[in-house]
Number of protein chains: 4
Amino acid sequence: MGMVKQTIIGIIGAGDAPVEERNIAQEVGKEIARNGCTLLCGAMGGIMEASCQGAKSHGGTTIGILPGTSKTDCNPYIDYPIVTGMGHGRNIIVASSSDAIIAIGGSFGTLSEIAFALRLKIPIIGINTWDVSSDIKKAETPQQAVFMAIELIGSNT
Amino acid sequence: MGMVKQTIIGIIGAGDAPVEERNIAQEVGKEIARNGCTLLCGAMGGIMEASCQGAKSHGGTTIGILPGTSKTDCNPYIDYPIVTGMGHGRNIIVASSSDAIIAIGGSFGTLSEIAFALRLKIPIIGINTWDVSSDIKKAETPQQAVFMAIELIGSNT
Amino acid sequence: MGMVKQTIIGIIGAGDAPVEERNIAQEVGKEIARNGCTLLCGAMGGIMEASCQGAKSHGGTTIGILPGTSKTDCNPYIDYPIVTGMGHGRNIIVASSSDAIIAIGGSFGTLSEIAFALRLKIPIIGINTWDVSSDIKKAETPQQAVFMAIELIGSNT
Amino acid sequence: MGMVKQTIIGIIGAGDAPVEERNIAQEVGKEIARNGCTLLCGAMGGIMEASCQGAKSHGGTTIGILPGTSKTDCNPYIDYPIVTGMGHGRNIIVASSSDAIIAIGGSFGTLSEIAFALRLKIPIIGINTWDVSSDIKKAETPQQAVFMAIELIGSNT
């Protein structure tokens, strides 16, 4: 039996994102599932919930890094809830556990995750997100974002 | 689509455990897989590696909460490596992410996880482990330990 | 100008300790202040508050490692509140930031801190606390506890 | 005896900042000391070390939130080393423990701290730093930065 490690794509974005962004997130989640990758996120609503819903609708697997102390405080599309009790402090775990990250829109919490990912040299793909570095690769569509993420993970290994 | 949350059993024990304890851990891992539960642990060697090896040999799923900053620093039987970069500080995440915990033998690190589990009222089953509370239920065999864990999770929900 | 690092003694114990233990904690706090050391604790009530009150009554300095997210949630005798937002997860910071630890009585939270201190080889002195290792040195009085702590820090450097 | 809580100003910036920025940081540290405030930072080199050196040269008090696991890994101008063992994860503690933050220049680590401070509504003053929000108040001189920080803390209470 060889290594069993799964490829993990992190999805970051606001907990109260507008419907257009949530629709994009849902498509990104579906595409991650179609490609056999695992979706990891911060376990709450908005972008996080929409992407997990997309992934689960296509038989994907989802991991949520919870800010709170109870598994009841997470969106209903999380297979594996990881309970940190660290509040926003869990953002570095979201970043560092992802093999690549797709950022959709974004709040200040998202910006902290982008900053950590840039610091840790984890590949980031952005859809209408913070423009703080040329290391954030821009994608136009959900399909392109997931395609780029998988390609960057391959060249990173 | 209803809730998709998986049942997670945490395995805690020393990273340098003797072969007898590692054998017990391996059997516990197999039994967790046979029962369709997910195994979560601290991702390193000893009890953690042996239990993951057991789970993977029977088609189970494993999550590792890594102390370090790189996915390369984890045992080879981890499906989902969660990178914390928190060192021993990750022990509270091991405890709080488990629906029940099985402690096998144990070092001071294990004792910290037991203490957190007792504080958080997470069910603990012990096999030759720290005897610091009557809330640690004693099991004689790997099969009994997993059976008790699943039963305690059921009555806890 | 040479090194300015202060000697830090950590005080650990229950947030709802009985009055006899709180009285001991207050005397320990006074003795830490008399010896020119800094007191560090988990910032909450019980043993933590009593020891800080003792230290401040004798012109000492106090640091609190807060579990919550706001400086308003700490006892009134803390000079320097460090806000972690990590809940019980802050216990490892309490342990690892102390040059020596004095444990008074204790709950499961205290046990987690003792376990971390034993793991990290930080000297521990105990007054009626968890008896989980011969590395916990027993003291009979507050004065003896602080004397032993300072002596162990000296031989540790 | 009333509340003893000290006013804490956080200084954030790169560990390998150019000499011009380090000179600004040193002046900021002196000014914090002159105003009787406590300086808190990430305990490493560059902006962190320069500001602590400035504060200590004027009798100030300094707290360092260490990323590593040992007090030997911090700059020599720290009075109170807080050992987190959390790596970059300690950045949220730097942000949330500060009553106001002064950002000087900055790397991706600094950006993560700015993002947390914006998220937590902690006042930020910037000197040639990331321009990601109008909530970052711009200062021209070290004196002005500290003056603004103290004023914002006052109006925040």
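If you're wondering where the values come from, they're calculated on a predicted model, not measured in any experiment. So that the names make sense, note that chain A is the first sequence line, chain B the second, and so on, each numbered from 1.
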Taking atom NZ of D:Lys71 and atom OG of C:Ser98, what is their separation to the nearest 0.5 Å?
6.5 Å
Contacting region of C:Thr61 [heavy-atom separation from chain D under 4.5 Å]
side chain
For the OG1 atom of D:Thr84 and the CE atom of C:Met86, what is their distance to the nearest 0.5 Å?
8.0 Å
Mind running side chain to side chain contact (heavy atoms under 4.5 Å, CB included) on D:Ile92 and C:Val83 for me, showing each step along the way?
CA-CA 9 Å; D:Ile92 193 167; C:Val83 179; over 6 Å; no
If I measure from the heavy atoms of chain D, does C:Thr38 come under 4.5 Å with its side chain, its backbone, both, or neither?
side chain
Would you give the length of the straight line joining atom CG of D:Leu66 to atom OG of C:Ser97, rounded to the nearest 0.5 angstrom?
8.0 Å
Under 4.5 Å between any side-chain heavy atoms of D:Ile82 and C:Ile63, yes or no?
yes
Under 4.5 Å to a heavy atom of chain C? For D:Leu120 that would be neither
Within this structure, what is the NZ-OG1 distance for the pair C:Lys5 and D:Thr62, rounded to the nearest 0.5 Å?
11.0 Å
Greater than 12 external heavy atoms within 6.0 Å of C:Asn128's CG:
no
Taking the side chain as every heavy atom from C-beta outward, state whether D:Ile8 and C:Pro81 have any atom pair closer than 4.5 Å.
yes
